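The block underneath contains the structure these notes are about, expressed in structure tokens.
Keep in mind the model is a prediction, meaning the values are calculated, not measured. Just so we're on the same page: letters track the sequence lines, and every chain starts at 1.
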Protein chains: 2
Amino acid sequence: MTGKAADMPHDATQTPGRLRGRASRLLAQLTNQSDRLMNEGLSLVDARKWHYAVLASLHEFGPGSQATLSRRTGIFRSDMVGVLNELAERDLVERVPDPDDRRRNVISITPQGRRHLRRLDKVLDDLHDELLAPLTSAERTEFVRLLTRLVDHHGHAHS
Amino acid sequence: MTGKAADMPHDATQTPGRLRGRASRLLAQLTNQSDRLMNEGLSLVDARKWHYAVLASLHEFGPGSQATLSRRTGIFRSDMVGVLNELAERDLVERVPDPDDRRRNVISITPQGRRHLRRLDKVLDDLHDELLAPLTSAERTEFVRLLTRLVDHHGHAHS
DNA sequence: CTGTTGCGTTAGTCCGACTAACGATGTAGG
DNA sequence: CCTACATCGTTAGTCGGACTAACGCAACAG
């Protein structure tokens, strides 16, 4: 139901040996735990993380075509269809054909969508509070800062 | 803690808005990039991350049954079969029926396995160097420390 | 008009995490 | 000994998310 991820069957290693100390492995484990947390939390309010991504993107950057949204959120344009269907079913977004370019749909957030977004924001705040529970406020900031630096560095397309 | 910034329509150009600043999202992105990096790097030496996990586990904790290895590494025991097949094909591990319990196989690492493990260690060192490139040495340490704290916290089976 | 590109959509592949069940074997209780 | 149950290695299969391919359509450049 929740999707994926599980902690190890039982705690795996105990020493910070090669296995456990590797950043890549720690990242994978933590992301697993994080994903599980977020998915469970969001499912309680009938949402998924892509819903939030789309709504937040609409709120921050305004309406746009599906392709635009796809680029903004990182969702594949083939998957965007389904996400928008789900959001439209719930009247959280509006899908209107673009008069200026009849290939496009213009997606915009509805008042209900905004309300829902605020709710999701609250939910996510709480979930992140749980996720980062063992860290002090300063540590959380630092953690996010480091993550951002790393993501940005590798985000620069270099292929 | 994340400041609830005022709901401005669209003026925030570069602010680490809700979407981008969320730790969960940064984690997911970075893990993606990390996984890619590791998989690509390891495939160049005909290996996968589970290979490393098993070999490292054997090296650190000695031989064990497949179920034991499964618990140590977090690999499902149904998937362990395939991993061990691949490793055995390459003569990196030995699979011997346990005389004391005929249900079990005892898996142990071979000299070739140890050699391969050292090679993988080197490869992973390099890959992690690339992964953490934008961070100073002190920052890398801190980063791993924070990750470990978080993973440990959520690892506590509290269900 | 012609070829190229971007759009939304459908269908389908690929892969890793995870579940279920089997036969063979071990263990414990009566 | 018999019965019940747990554990092991293994096979098969489900499930979901990331990703690709190709279609019909529209825009645009020449």
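Among residues two or more places apart in sequence or in another chain, the salt bridge (charged side-chain N to carboxylate O under 4.0 Å, His left out) test is passed with A:Asp100 by none. Applying the side-chain hydrogen bond (donor to acceptor under 3.5 Å, both in side chains) criterion to A:Thr73, with sequence neighbours excluded, gives no partner residue. Partners of B:Thr136 by side-chain hydrogen bond (donor to acceptor under 3.5 Å, both in side chains), not counting sequence neighbours, listed by chain and number: B:Glu139. A:Arg71 meets the salt bridge (charged side-chain N to carboxylate O under 4.0 Å, His left out) test with no other residue; sequence neighbours excluded. Partners of A:Ser57 according to the side-chain hydrogen bond (donor to acceptor under 3.5 Å, both in side chains) rule, which considers only residues two or more places apart in sequence or in another chain, are A:Arg72. For A:Asp126, the side-chain hydrogen bond (donor to acceptor under 3.5 Å, both in side chains) partners are A:Lys122, not counting sequence neighbours. A search for salt bridge (charged side-chain N to carboxylate O under 4.0 Å, His left out) contacts involving B:Asp125 returns A:Arg22, not counting sequence neighbours. For B:Arg103, the salt bridge (charged side-chain N to carboxylate O under 4.0 Å, His left out) test picks out B:Asp101, with sequence neighbours left out. Residues meeting the side chain to side chain contact (heavy atoms under 4.5 Å, CB included) test with B:Val81, sequence neighbours left out: B:Gln66, B:Asn85, B:Arg95.
Taking atom CG on B:Asn39 and atom C1' on D:dC19, their separation rounds to 15 Å, with Å as the unit. Distance, A:Asn105 CG to C:dG8 P: 6 Å, rounded to whole Å. In this structure, B:Asp35 places its CG atom 12 Å from P of D:dA18, rounding to the nearest Å. The interatomic distance linking A:Ile107 (CD1) with C:dC7 (P) rounds to 13 Å, in whole Å.
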Distances under 3.5 Å between protein N/O atoms and the N/O atoms of nucleotides 25-30 of chain D, please, pair by pair.
{"unit_1": "D:dA27", "atom_1": "OP1", "unit_2": "A:Arg102", "atom_2": "N", "d": "2.9"}

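Within a 6.0 Å sphere centred on CZ of A:Arg145, heavy atoms belonging to other residues, nucleotides or ligands number more than 12.
Counting only N and O atoms by type, the side chains of A:Thr68 and A:Ser65 include a donor and acceptor under 3.5 Å apart.
Contacts of residues 68-90 of chain A with DNA chain D (heavy atom under 4.0 Å): A:Phe76, A:Arg77, A:Ser78, A:Asp79. Listed by residue number, A:Trp50 are the residues of residues 48-56 of chain A with a heavy-atom contact under 4.0 Å to DNA chain D.
Taking 4.0 angstrom as the limit, B:Gln66 places a side-chain polar atom (N or O) nearer than this to OP1 or OP2 of D:dT10. Contact between the side-chain N/O atoms of B:Arg95 and the OP1/OP2 oxygens of D:dT10 is found at a separation under 4.0 Å.
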